[in-house]
Amino acid sequence: MWVGFPSHAELWEDHLAPAQAEVAALVKALAGLGEEHVKLLVAGSEARTAAQSLLDGFPNIDVVEALFGDVWLRDTGPIFLSPGEAAAFAFNGWGGKYVLDGDEDVADVIADGARLSRHDFILEGGAIDHDGKGTVLTTRACLLNPNRNRAWRQDDAEHALAQALGARKVLWLDQGLMNDHTDGHVDNLARFIAPGIVACPAAYGEDDPNAMVYDAAAQALAGFTDADGVALEVMRIPSPGRTLSDDHRVVPASHMNFVIANGAVIAPVYDCRAGAWAVEALEVLFPRHKVVGLPSRALITGGGSFHCITQHEPA
């Protein structure tokens, strides 16, 4: 499991140290209960020192120093198709919003030693979720946004995903979360638990800003079948509700941004009671995994959470 470590003080400002502490807790959970060999990507000697200090010789963790723009490896890194084979895609900073030096090199760093196929269309890993059997989830708001691949229609996207990733069927949701700078990544909205089973949020609190988006997604999912013609079973998990930044702006916090490891599922939780309920719901859905909820308040200031900063590499 590759993990990005917050390394740039100019990007994270006052949130740098808290974000580093949250990532260190995630890494320990992945390397411990998660039974993962973790490769922690750091940029610069100061970040390496901070990571080593926080991890203090914790086993099953390699610290890898390389240039990268920021921690969002799910989007800048490659997607592994099998052991030793990966696909890399063009990346334009989520539609030109945050273009940082080094992000174009992350795929080469992570896929070092693997056979890497390159595709010239823009695709971020958080924009899709899949069941491992050819069914892909995505949102129109992101994948068909003209700031990515201009003039793409649904059939263009479906053909590209079929050619690059072997997608046999693409399931389209409409909108993502409010104020999500990714334009609506699906990994904040709906995730496969297993083939035929999808989780999506249920609103928490009367003032949940995404209540209508959640219900629309659940209704759409309930009408979908997967690539094998099996009707999807939809499981609802409490959202964090209205979650605000330091300047009182709604942030795209989501319990859906969990990461699935070999032995554990690690879910981001925020300062609300719904976090414990979300963990309980995930325990039911993942009976063979330990389910751990860890704070992600500092990471969300950068716009994402645990799934966003990780990338799976099959052994």
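No side-chain donor from either of Asp183 and Trp94 sits under 3.5 Å from a side-chain acceptor of the other. Using modelled atom types and a 3.5 Å distance limit, the side chains of Glu46 and Thr49 yield no donor-acceptor pair. Side chain to side chain, Asp70 and Trp12 meet the donor-acceptor criterion of an N or O pair below 3.5 Å. Residues Arg168 and Thr135 have side chains that never bring a donor and an acceptor to within less than 3.5 angstrom of each other. For the residue pair Thr139 and Asp174, no side-chain donor N or O sits within less than 3.5 Å of a side-chain acceptor on the partner.
The cationic group of Arg191 lies under 6.0 Å from the six-membered ring centre of Phe258 and within 45° of the ring axis, placing it in a cation-pi geometry.
Between Asp131 and Lys133 no salt bridge is recorded (no basic side-chain N to carboxylate O distance below 4.0 Å). Salt bridge status for Arg118 with Asp108: present, with a side-chain N to carboxylate O gap under 4.0 Å. With salt bridges taken as basic N to acidic carboxylate O contacts below 4.0 Å, none links Asp56 and Lys28. In summary, Lys169 and Asp226 do not engage in a salt bridge, as defined by a charged side-chain N under 4.0 Å from a carboxylate O.
Side-chain atoms of Asp180 never come within 3.5 Å of backbone atoms of Gly176 as a donor-acceptor pair (strictly under, hydrogens ignored). Under a 3.5 Å cut-off, the side chain of Asp187 and the backbone N or O of Gly125 do not form any donor-acceptor pair. Here the side chain of Asp228 pairs no donor or acceptor atom with the backbone of Val230 at under 3.5 angstrom. Looking only at distances, a side-chain donor or acceptor of Glu22 sits under 3.5 Å from a matching main-chain atom of Arg297. Side-chain atoms of Glu104 come within 3.5 Å of backbone N or O of Gly102 as a donor-acceptor pair. The main-chain N or O of Leu30 is never found under 3.5 Å from a side-chain atom of Glu36 such that the two would form a donor-acceptor pair. With hydrogens and angles ignored, the 3.5 Å screen pairs a side-chain donor or acceptor of Asp129 with a backbone N or O of Phe192. Not a single donor-acceptor pair under 3.5 Å links the side chain of Ser53 to the backbone N or O of Ala51. Between the side chain of Lys97 and the backbone N or O of His181, at least one donor-acceptor pair lies under 3.5 Å. In this structure a side-chain-to-backbone donor-acceptor pair under 3.5 Å is present from Ser254 to Asn188.
Rounded to the nearest 0.5 Å, atoms OH (Tyr214) and CD1 (Ile237) are 11.5 Å apart. Atom SG of Cys142 is separated from atom CG of Leu173 by 12.0 Å, given to the nearest 0.5 angstrom. A distance of 8.5 Å separates CG of Asp246 from CG of Asp14, quoted to the nearest 0.5 Å. Arg74 CZ to Ile79 CD1: the interatomic distance, rounded to the nearest 0.5 Å, is 8.5 Å. To the nearest 0.5 angstrom, Leu116 atom CG is 10.5 Å from Ile110 atom CD1. Between atom CG of residue Leu144 and atom CG of residue Asp156 there is a gap of 9.0 Å, rounded to the nearest 0.5 Å.
When all heavy atoms are compared, the tightest approach of Pro209 to Gly241 is CD-C, 4.4 Å. Smallest separation of non-hydrogen atoms from Arg48 and Val63: NH2-O, 3.6 Å. Nearest heavy-atom pair, Phe80 versus Ala111, reported as atom, atom and distance to 0.1 Å: CZ-CA, 4.2 Å. A pairwise comparison of heavy atoms in Ala31 and Phe58 identifies CB-CE2, 4.0 Å as the closest pair. What you find for Ala199 and Leu285 is that their closest heavy atoms are CB-CD1, 4.4 Å. Across all non-hydrogen atoms, the minimal contact from Pro252 to Ile300 is O-CD1, 3.6 Å.
Using bins of under 30°, 30° to 60° and over 60° for the plane-to-plane angle, the ring pair Tyr270/His255 lands in the tilted bin. Classified by interplanar angle (parallel below 30°, tilted 30° to 60°, perpendicular above 60°), the ring pair His307/His312 is tilted.
A continuous path of Ile, Leu, Val, Met, Phe, Trp and Tyr side chains, each step under 4.5 Å between heavy atoms, connects Val42 with Leu100, placing both in one hydrophobic cluster. No continuous path of ILVMFWY side-chain contacts below 4.5 Å connects Val291 to Ile266, so the two sit in separate hydrophobic clusters. Side-chain heavy atoms closer than 4.5 Å link hydrophobic residues (I, L, V, M, F, W, Y) into clusters, and following such links, possibly through other members, connects Met235 to Val265. Note: the hydrophobic cluster containing Leu282 does not contain Leu294 (ILVMFWY, side chain heavy atoms under 4.5 Å, direct or indirect links). Placement of Val186 and Leu143 in two distinct hydrophobic clusters is found when ILVMFWY residues are connected by side-chain heavy-atom separations under 4.5 Å, directly or transitively.
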Next item on the list: Give the C-alpha distance, both sets of side-chain angles, the deciding distance and a yes or no for side chain to side chain contact (heavy atoms under 4.5 Å, CB included) between Leu40 and Val64.
Entry: CA-CA 6 Å; Leu40 183 64; Val64 180; over 6 Å; no
query = Where do Leu177 and His185 land on the side chain to side chain contact (heavy atoms under 4.5 Å, CB included) test, with the steps shown first?
reply = CA-CA 8 Å; Leu177 272 58; His185 273 188; over 6 Å; no
**Report entry** Pair Thr76-Asp105, side chain to side chain contact (heavy atoms under 4.5 Å, CB included): steps then yes or no
**Finding:** CA-CA 8 Å; Thr76 58; Asp105 301 321; over 6 Å; no
Residue pair Asn179, Arg249: steps toward the side chain to side chain contact (heavy atoms under 4.5 Å, CB included) verdict = CA-CA 9 Å; Asn179 294 339; Arg249 187 171 183 266; 3.6 Å; yes
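Side-chain contact between Leu221 and Cys200 is present, with heavy atoms from C-beta onward closer than 4.5 Å. Proximity of Val250 to Arg242: side-chain heavy atoms (C-beta onward) are separated by under 4.5 Å at one or more points. Counting only heavy atoms from C-beta outward, the side chains of Met1 and Gln311 never approach each other to under 4.5 Å. Using a 4.5 Å heavy-atom cutoff, the side chains of Ile260 and Ile193 are not in contact. Between Val109 and Leu41, the closest side-chain pair of non-hydrogen atoms falls below 4.5 Å. Residues Pro240 and Tyr204 are not in side-chain contact: their nearest non-hydrogen atoms beyond the backbone lie 4.5 Å or more apart. Residues Leu299 and Phe306 meet the side-chain proximity criterion, which asks for heavy atoms closer than 4.5 Å.
More than 12 heavy atoms of other residues, nucleotides or ligands lie within 6.0 Å of NE2 in His289, so this atom counts as buried by the packing criterion. Around the CG atom of Asp101, the shell of radius 6.0 Å holds no more than 12 heavy atoms that belong to other residues, nucleotides or ligands. In the displayed structure, Asp155 atom CG is contacted under 6.0 Å by more than 12 heavy atoms of other residues, nucleotides or ligands. Within 6.0 Å of CZ on Arg273 lie no more than 12 heavy atoms contributed by other residues, nucleotides or ligands. Environment of CD in Gln219: sparse, with no more than 12 heavy atoms of neighbouring residues, nucleotides or ligands closer than 6.0 Å.
Phe121 meets the side chain to side chain contact (heavy atoms under 4.5 Å, CB included) test with Phe89, His119, Leu123, Asn149, Trp152, Ala160, Ala164; sequence neighbours excluded. Every residue meeting the side chain to side chain donor-acceptor pair (under 3.5 Å) condition with Asp62, not counting sequence neighbours, appears here in chain and number order: His37. Glu158 is linked by a side chain to side chain contact (heavy atoms under 4.5 Å, CB included) to Gln154, Val170, Trp172, counting only residues two or more places apart in sequence or in another chain.
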